[in-house]
Number of protein chains: 2
Amino acid sequence: MDKRKKILEAALKLFVALGFHGTPTSKIAQEAGVANGTLFHYFPTKDDLILGLYTDIKIRMTAFVNENAKPEDTFKATMKGQYLASLYWALDHKTEFSFKQQFHNSPFHLLLNQEEIEKQLKPHFDMLRKGIEDKIIKPLPVDYIHTLISSHTFGLNQYLTSNEFSTVKQHQLISDTFELLWDMIKEN
Amino acid sequence: MDKRKKILEAALKLFVALGFHGTPTSKIAQEAGVANGTLFHYFPTKDDLILGLYTDIKIRMTAFVNENAKPEDTFKATMKGQYLASLYWALDHKTEFSFKQQFHNSPFHLLLNQEEIEKQLKPHFDMLRKGIEDKIIKPLPVDYIHTLISSHTFGLNQYLTSNEFSTVKQHQLISDTFELLWDMIKEN
DNA sequence: CGGCGGGTTGACTAAATAGTCGGCAAATTT
DNA sequence: AAATTTGCCGACTATTTAGTCAACCCGCCG
């Protein structure tokens, strides 16, 4: 039941293991336990499938971060909340995270609507701008700060994924790393 | 002349534009102005070609960084030299950098020899360990520091690539960013 | 009951693809 | 000059692939 979901799950697993073009649609259908035609019923082309999978993951991740990162009283606490939430999501969804990474670093990311991306980023940028106005963080271009934060998140995630740590230690490391990041951008 | 080189150049260009499996060997041969069979004369399989291209780029990059980042008197200056060199290389070789990124984030990176990688990283790790011993930088795991630095480099590069800055401004930004990074890891 | 329609099937096809192979032409060696 | 090697060619093939389609199943409504 819910074959669309099964297809997406199978596609995720295989794309991460074999790459986009390395995975034939027939194998995806097989892995999903679904006929070949059914796949094309839900996703008219392979590109549609890849893009559909990306948006599905993106939506689920954004939902998680929004739920778990409620705005706190201070600017720093709000930022930390978001930082922690996205990192924990990535750790709990390694395959999804790996897919996202692969997608962003492939020519497929060109299929994305640039306007759409900016719209999604706007709240975050607004928050950073406010932090600058209030002289809490350094007056750097917001997209620059954003790039630094996200690559930082990505790096830490890679480190945590390639080493196996206890949950406690992991939490400690994430928290400490946020402090490093904060030192980097806070106004002195 | 030097068909091998022509093949590598064509492969680089097409892989970045179309993805690994999105690029047929026939198109690579055509773009290189070389017969189909010639490609397979130099690279018995497509995987060999991808791996060959990766090592070729890696070698050229390492050579550049080693030349341009001579050990300076202070620890910080040495580190800054390396940081600048790799960033300038990336900016001067955008396509190569993009390929490297795509390669690392694809299942192909599994073809790499893990031992080999560690051997290449050793000098860098040794340097960081010395910095810790001498109480110049914070006593964090060296592979952790390394991950933070490289993701940082990657992020900055992405930022510089997606915005067009003047050379002067670019240099300024790179230098400033190193200071941010340095503040993050230096012992207080 | 009979017919309607969305979801599902899997055999099928037209096109594309990685890799082969027999041979050629220009160096290099004898 | 003959023989051998080497790099190179491009037509060819066996296989794979994305996508099609006619038929089918089954719940639902008139």
Side-chain angles (χ1 to χ4, degrees), chain A residues 1-57 59 95 99 102-103 105-112, chain B residues 1-57 59 95 99 102-103 105-112:
Chain A
M1 55 224 77
D2 200 353
K3 312 231 165 189
R4 201 190 118 100
K5 201 173 164 186
K6 291 225 161 172
I7 293 168
L8 286 176
E9 278 169 14
L12 172 62
K13 178 178 163 186
L14 291 173
F15 282 151
V16 169
L18 308 170
F20 295 125
H21 294 273
T23 310
T25 51
S26 56
K27 234 180 231 166
I28 296 174
Q30 197 188 358
E31 171 84 23
V34 154
N36 214 301
T38 308
L39 190 151
F40 287 95
H41 171 72
Y42 287 107
F43 305 97
T45 69
K46 198 182 178 181
D47 279 11
D48 285 327
L49 172 57
I50 294 174
L51 209 59
L53 180 54
Y54 176 78
T55 31
D56 177 69
I57 289 175
I59 286 170
T95 319
F99 172 85
Q102 213 176 304
F103 181 89
N105 290 288
S106 80
F108 285 101
H109 84 270
L110 296 171
L111 297 175
L112 255 40
Chain B
M1 55 224 80
D2 198 355
K3 313 234 166 189
R4 201 189 118 100
K5 201 173 165 186
K6 291 225 162 173
I7 292 168
L8 286 177
E9 277 169 15
L12 172 62
K13 177 178 164 186
L14 291 173
F15 282 151
V16 169
L18 308 171
F20 295 125
H21 293 274
T23 310
T25 50
S26 56
K27 233 179 233 166
I28 297 174
Q30 197 187 359
E31 171 83 25
V34 154
N36 214 300
T38 309
L39 190 151
F40 287 96
H41 172 71
Y42 287 107
F43 307 96
T45 69
K46 199 181 176 181
D47 280 10
D48 285 327
L49 172 57
I50 294 173
L51 210 58
L53 180 54
Y54 177 77
T55 31
D56 177 68
I57 289 176
I59 286 170
T95 320
F99 172 85
Q102 213 176 305
F103 181 88
N105 288 288
S106 81
F108 285 102
H109 83 272
L110 297 170
L111 298 175
L112 256 41

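Each chain gets a letter, A, B and so on, in the order the sequences are listed, and its residues count up from 1.
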By side chain to side chain donor-acceptor pair (under 3.5 Å), Thr55(B) pairs with (sequence neighbours left out) none

In whole angstroms, the gap separating P of dG19(D) from NE2 of His21(A) amounts to 11 Å

Note: Leu12(A) and Ile57(A) closest approach over all heavy atoms is CD1-CD1, 4.0 Å

Rounded to whole Å, CD1 of Ile7(B) lies from P of dG19(C) at a distance of 14 Å

To the nearest angstrom, the CD1-P distance between Ile28(A) and dT16(D) comes to 17 Å

Taken to the nearest whole Å, NZ/Lys46(B) to P/dT20(C) is 15 Å

Taken to the nearest whole Å, NZ/Lys27(A) to C1'/dA18(D) is 15 Å

Taken in chain and number order and not counting sequence neighbours, the residues that satisfy side chain to side chain donor-acceptor pair (under 3.5 Å) with Thr95(B) are none

side-chain contact (heavy atoms from CB on, under 4.5 Å) filter on Thr23(A), not counting sequence neighbours, yields Leu14(A), Phe15(A), Leu18(A), Ile28(A)

Rounded to whole Å, the NZ-C1' distance (Lys3(A) to dG7(C)) equals 9 Å

Atom CZ of Arg4(B) and atom P of dT6(D) are separated, to the nearest Å, by 18 Å

Would you tell me if any nitrogen or oxygen in the side chain of Thr25(B) comes within less than 4.0 Å of OP1 or OP2 on dA18(C)? yes

Note: contacts of residues 33-44 of chain B with DNA chain D (heavy atom, under 4.0 Å) are Val34(B), Ala35(B), Asn36(B), Gly37(B), Thr38(B), Tyr42(B)

Phe40(B) meets the ring-ring contact (aromatic ring centres under 6.0 Å, His included) criterion, sequence neighbours left out, with none

Contacts satisfying salt bridge (charged side-chain N to carboxylate O under 4.0 Å, His left out) that involve residues 10-23 of chain A (not counting sequence neighbours) are Lys13(A)-Glu31(A)

Rounded to whole Å, the CD-C1' distance (Gln30(B) to dC9(D)) equals 15 Å

